[in-house]
Amino acid sequence: MVLLEAACPCCRFVGGNITFLSKPAVARRRPIRYGRHRPVKMAELATARFDDCMASSKRPALIIAALVCAAALVFAVYLIAAGKARSDIHAAGDRQLQIIAVDLESVLEKYESLPFALAFHPDIAQLLARPDDRAMVGRLNLTLQTVQVQSKVSAIYLMDRRGNTLASSNWDQPTSFVGKNFGFRPYFRDAIGGGAGRFYGIGSVTSEPAYFIAQPVYFPGMHGRAAPIGVIAVRISLSDFEQTWQSSEDPIALVDDSGVVFLSNRPSWRYHSLKPLGEAARRKLAGTLQYAGQTIQPISSLPRAQRAGFGEYVGKPVMRLGWQLMLFPSRARVIRIATSAAVVAALLLAAVALSVWASYQRRRRVEERLASRRALQQAAEDLDRKIAQRTEELLEANQRIETKYATLKETEQLLRSTQTELVQAGKLALLGQMAAGVTHELNQPLAAIRAFADNAVTFLQRGQAEKAGENLTHISAAAARMGTIIGQLKGFARKSHETVSLVDLTQSIQASTLLLENEFRRHDVRLETDIREPLQVIGDGVRMEQVLINLLRNALDAVEGAPLRQVTITLEREGEEAVLRIRDRGAGIPEQVAPHLFEPFYTTKSSGKGLGLGLAISSSIVQAMNGQLTAYNHPEGGAEFAIRLPLATASTHSEGGHP
């Protein structure tokens, strides 16, 4: 029995019988009895369970073997797909090179007969016979220029038998060939020897690469029977091909017979060789100055980023000069296609494996579902009980929140009411401070009215109606002024209904200065107003006037006893903001006062002259208008208060008037 338990952890000997353990029970070492224990022969059960245990022990090995086979299959798919992709890409590259080669050869062949035909022009042979004839040179220059423009080549030029250029189509350009010697060029040597000259290289005058075609020139009627007397050459630019090749993702290169790349859609490859050049090739290039004396290094010497794509290629010979047209297919594309195929194969294998695993798991879930159902039923009952309990708690919490919210609304309403009353109290306090000045301002018109009325009575008694009318006109003007002052006082004193509308800052400044005009005059303080631009903001006009009166009265108090008794109001625009500055010429703001300037009930005035609420109320009013009230000492002396408010726009104007 001991040996059986040790060999098979899935079974246990109990009272002479065998009890089987489920797989979860094996982990927990808890016996699961399937109904009653059935007395069976120990040998039969031991054999059956031992076979199961052996199968379980072999399972990891089978999984590892399956994974190895799957990996091998995926790798085989990768190799097959890579070979197929490489073959397809090479075939597509060969077709692309065929098209490019045909295009290149057709363009160059188009110009093959041009220098041969020009060699028979009578002016060319005459100029070679009389090279000093300036009129002939000028006429031939114009002829070559006309032919060059019509044929769309880079240049056409005539050389004598020593290689000196007598006439050229670019005679009137800074890079003119006239007077230059090209006797060292292979195309000249081939043509002066009686054959056709063809060459590609960098121009020694223009420093631009081009393809050259040259033909010998003979005296009329002596073609092939005498030595050439000169050479006519055509210069053709191939830069358009490079521009066309730029649309290709793969590198394309045109290589000369020495293995040097001279045309490519990879600029960094140009004038680099496919492999290191031998000494003979270097001497040949140096003798012909084909690449203007540039040092030709292999492409493999370039930085990694610049030589990207260099490697396996598809080639095709073109032209008669031993050129090779090459296309370097992207290895990344081969890898990408092969990887995609391998991924698809891996996904298919994974799908098969998942299907097998799902079938296995389904069988296990059916077994577990019966045991889970009872547990779920019990859990559902517990959940219903907890939901009911939690619902009751949430209802109680919601009731508490509603109570707190109602209390908060009442507190907010009380705060708004208190703030409104505080603002109103501040206005009334300002009215009290302005009472003496306003009374004096009203007494003057009243005295004038009485005097003019008495005069009018006298004039009427004398029958001087015209003078009595003049006195009545003065009485009307004085009454109108009193009405204006009283209207401003009534508008300022009324309670604000917290409605927003367009506020004309110019009118607010005028209304505020009108109420304080007599105060400034009585204290001999000069009040200057600088309105640089009429501006409008969104807010409460009455409260805006209250802010201005508060700041102006503070400025009036600040200049008391100052050498220069002056207060300046400036209104200007800065960006999308209206900036209103009130500056005094007083002693400025003490350093220890500045941090507390806008705190409620903080004041530096003597008792009875203020409660310390003016600046605090003003700051809150400006903030309610989405603005900012700041104070600082002016560099030239005195204090300056700045009110910054956003300007009214079309959208804010349409929203104005709503609380």
Value rounded to 0.5 Å, distance of [atom1] in [X] from [atom2] in [Y]:
X: E545; Y: Q510; atom1: CD; atom2: CD; result: 10.5 Å
X: L516; Y: R553; atom1: CG; atom2: CZ; result: 6.5 Å
X: E519; Y: R521; atom1: CD; atom2: CZ; result: 10.5 Å
X: M625; Y: I643; atom1: CE; atom2: CD1; result: 8.5 Å
X: L580; Y: L645; atom1: CG; atom2: CG; result: 8.0 Å
X: I531; Y: L505; atom1: CD1; atom2: CG; result: 9.0 Å

Any [X] side-chain heavy atom under 4.5 Å of [Y] side chain:
X: E636; Y: R583; result: yes
X: T630; Y: F598; result: no
X: L556; Y: E560; result: no
X: I582; Y: T568; result: no
X: V579; Y: R581; result: yes
X: I621; Y: D540; result: no
X: Q536; Y: T506; result: no
X: L571; Y: I509; result: yes

Within the distance-only criterion (no hydrogens, no angle test), does the side chain of [X] pair as donor or acceptor with the backbone N or O of [Y] below 3.5 angstrom?
X: D584; Y: E640; value: no
X: S620; Y: I617; value: yes
X: N633; Y: I589; value: yes
X: S237; Y: S154; value: no

Considering non-hydrogen atoms only, spot the tightest contact between [X] and [Y] and give its length.
X: A578; Y: L535; result: CB-CD1, 3.7 Å
X: L629; Y: V622; result: N-CG1, 3.9 Å
X: V537; Y: L647; result: CG1-CA, 4.5 Å
X: V503; Y: G541; result: CG2-N, 3.7 Å
X: L597; Y: A631; result: CD2-CB, 3.4 Å

Exercise answer: donor-acceptor pairs, residues 382-393 side-chain atoms, under 3.5 Å, sequence neighbours excluded:
residue, atom, partner, partner atom, Å
D382, OD1, Q378, NE2, 3.4
D382, OD1, R385, NH1, 3.4
D382, OD1, R385, NH2, 2.7
R390, NH1, E393, OE1, 3.1
T391, OG1, I387, O, 2.6

Audit row: R573, E577, salt bridge (charged side-chain N to carboxylate O under 4.0 Å, His left out) steps and yes/no: CA-CA 6 Å; R573 175 178 183 155; E577 290 183 332; over 6 Å; no
Is there a side-chain contact (heavy atoms from CB on, under 4.5 Å) between W245 and L327? Walk through the geometry before answering. CA-CA 11 Å; W245 297 348; L327 183 141; over 6 Å; no
Using side chain to side chain donor-acceptor pair (under 3.5 Å), reason through Q566 and E528 one step at a time and then give a plain yes or no. CA-CA 8 Å; Q566 179 179 332; E528 293 184 352; 3.1 Å; yes
Set of side chain to side chain donor-acceptor pair (under 3.5 Å) partners for D504, sequence neighbours left out: none
From the list S619, S512, S508, S618, side chain to side chain contact (heavy atoms under 4.5 Å, CB included) partner of V547 resolves to S618
Could you walk me through whether R565 and H523 satisfy the side-chain contact (heavy atoms from CB on, under 4.5 Å) test, starting with their C-alpha distance in whole Å, then the side-chain angles of each, then the deciding distance to 0.1 Å, before giving a yes or no? CA-CA 9 Å; R565 302 161 69 86; H523 289 84; 4.0 Å; yes
Candidate pair I569 and L548, rule side-chain contact (heavy atoms from CB on, under 4.5 Å), full reasoning: CA-CA 10 Å; I569 304 175; L548 293 175; 5.9 Å; no
Going through the checks in order, is the side-chain contact (heavy atoms from CB on, under 4.5 Å) test met by L615 and N554? CA-CA 9 Å; L615 289 179; N554 285 345; 3.5 Å; yes
Just wondering, are more than 12 heavy atoms of other shown residues or ligands nearer than 6.0 Å to CD in E591? no
Test ring-ring contact (aromatic ring centres under 6.0 Å, His included) applied to F310 - qualifying residues, sequence neighbours left out: W269, F328
Is it true that the side chains of D172 and Q145 contain a donor and an acceptor less than 3.5 Å apart? yes
